[in-house]
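Note sheet for the following structure.
It should be emphasised that the depicted structure is a prediction, and the values quoted were computed from it without experimental measurement.
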Amino acid sequence: MSAPRFSVFGKTAVITGAGSGINLEFARILLSKGCNVVLADLSLRPEAQDLVNRFQATNKSPRAVFVQTDVTSWSDLSRMFETALANFGGFDIVCPGAGVYEPHWSSFWHPPGSAESKDMTDADRYKLLDINLTHPIRATQMAMEHWLYPRGKGDSAQTKVSPANPKRVVHIASVAGYMPVFRAPLYGASKFGITGFVRCLAPLESSAGIRVNAVAPGVVRTPLWTDHPEKLLNVDESQDGWVTPEEVAEAMLACVESDEHIGGTILEVGKGNTRQVSAVNDPGPDRNPEKGFITSNADKGDEMVWGWLKEEKIWGKSKL
């Protein structure tokens, strides 16, 4: 017997990074379609707070609940899921979408110990990888633990996940997960990692009822770009296409609901277009800047990197 068609109506979603950008738009779409949402982030931008205010009434459905969350803290991630259980009795959709784009405070080009880096030389880790790679992996694992062996007994017991009771995890990868970007190697490594992680979990859908897939957006007009002038130097506004957060959120909804985007799918999202990315021999994204996958002034970002490599105050700090 085939699995029932999945609809977000009446379901509950947990979304990290929902205080702004793509994840906020995904939360907005889900709420508009009757899905409860737990918004997890360090804080909410005003537009996100407005959304929570509109949907926070406990006597109405759907509802939105905010839980302050540092995604690098596994105890915070646990508290995030506990919030979903306490407010809604369970959760059906998880989007571990919080991420950063090679900020100077955690960048390969600003080594630990240099002035702008917040990665400590004795911390044994990069904050970017904790946010972009470790947190999505751990959040997926924690969700699966609950779905496979839900807590509770009697009337409070949740139904175990199965092909007849399916669940969803949608990740945010990137075209940088299969198209190298010199100026953002840690970001690229994290998105290559997410892409591989998602593909490895493809068999879960048919056997356990857990679909894990991902969107791979191009250049999206979010605060990750617009709040950082040094990143906007890469963009020629006269000819480069921007992908909108709404376009990505619609693709994420398709990843959750559509029968077309099965487990392991990487769905590329450009300006006005989407396509599934092949696991092997993929031609890569369209290189026309108008399509929203590349920026015309990328050489300016690369020049900035070469400049940093010539600075002893950045690269001469290590005492090996």
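- With hydrogens and angles disregarded, a donor-acceptor distance shorter than 3.5 Å links the side chain of Asn273 to the backbone of Lys271.
- Within the 6.0 Å centre-distance limit, the rings of Trp109 and Phe182 are counted as a close aromatic pair.
- Of the residues listed (Thr195, Thr134, Leu133), the one engaging Ser190 in a side chain to side chain contact (heavy atoms under 4.5 Å, CB included) is Leu133, and it is the only one.
- Checking Asp119 against Ser106 by side-chain atom types alone, a donor-acceptor pair falls below 3.5 Å.
- Listed for the Asp76 side chain is no donor-acceptor partner under 3.5 Å among the backbone atoms of Val71.
- Between the side chain of Asp41 and the main chain of Thr69, no donor-acceptor pair closer than 3.5 Å is present.
- In this structure, Lys11 satisfies the cation-pi test against Phe6, with its NZ or CZ atom closer than 6.0 Å to the six-membered ring centre and inside 45 degrees of the ring normal.
- Side-chain contact, Glu237 with Trp242: a donor N or O sits under 3.5 Å from an acceptor N or O.
- Between Trp308 and His104, the ring planes are perpendicular. Angles over 60° get that label, and only those under 30° would be called parallel.
- Asp130 and Arg125 are joined by a salt bridge, as a carboxylate oxygen and a charged side-chain nitrogen come within less than 4.0 angstrom of each other.
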Check the pair Asp92 / Arg168 against salt bridge (charged side-chain N to carboxylate O under 4.0 Å, His left out), numbers first and verdict last.
-> CA-CA 6 Å; Asp92 312 278; Arg168 300 288 191 257; over 6 Å; no
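- Checking Asp70 against Thr72 by side-chain atom types alone, a donor-acceptor pair falls below 3.5 Å.
- Taking the ring axis of Phe293 as reference, the NZ or CZ atom of Arg287 does not stay both within 45° of it and closer than 6.0 Å to the ring centre.
- Phe9 and Leu30 fall into different hydrophobic clusters, where Ile, Leu, Val, Met, Phe, Trp and Tyr side chains are chained together by heavy-atom contacts under 4.5 Å.
- A donor-acceptor contact under 3.5 angstrom links the side chains of Ser296 and Asp240, judged on distance only.
- Aromatic pair Phe91/Phe81: ring centres closer than 6.0 Å.
- Relative to the ring axis of Tyr149, Lys160 places its NZ or CZ within 45° and under 6.0 Å from the centre.
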Any chance you could lay out the salt bridge (charged side-chain N to carboxylate O under 4.0 Å, His left out) test for Glu82 and Arg79, step after step, and finish with the verdict?
-> CA-CA 5 Å; Glu82 292 290 347; Arg79 184 163 55 86; over 6 Å; no
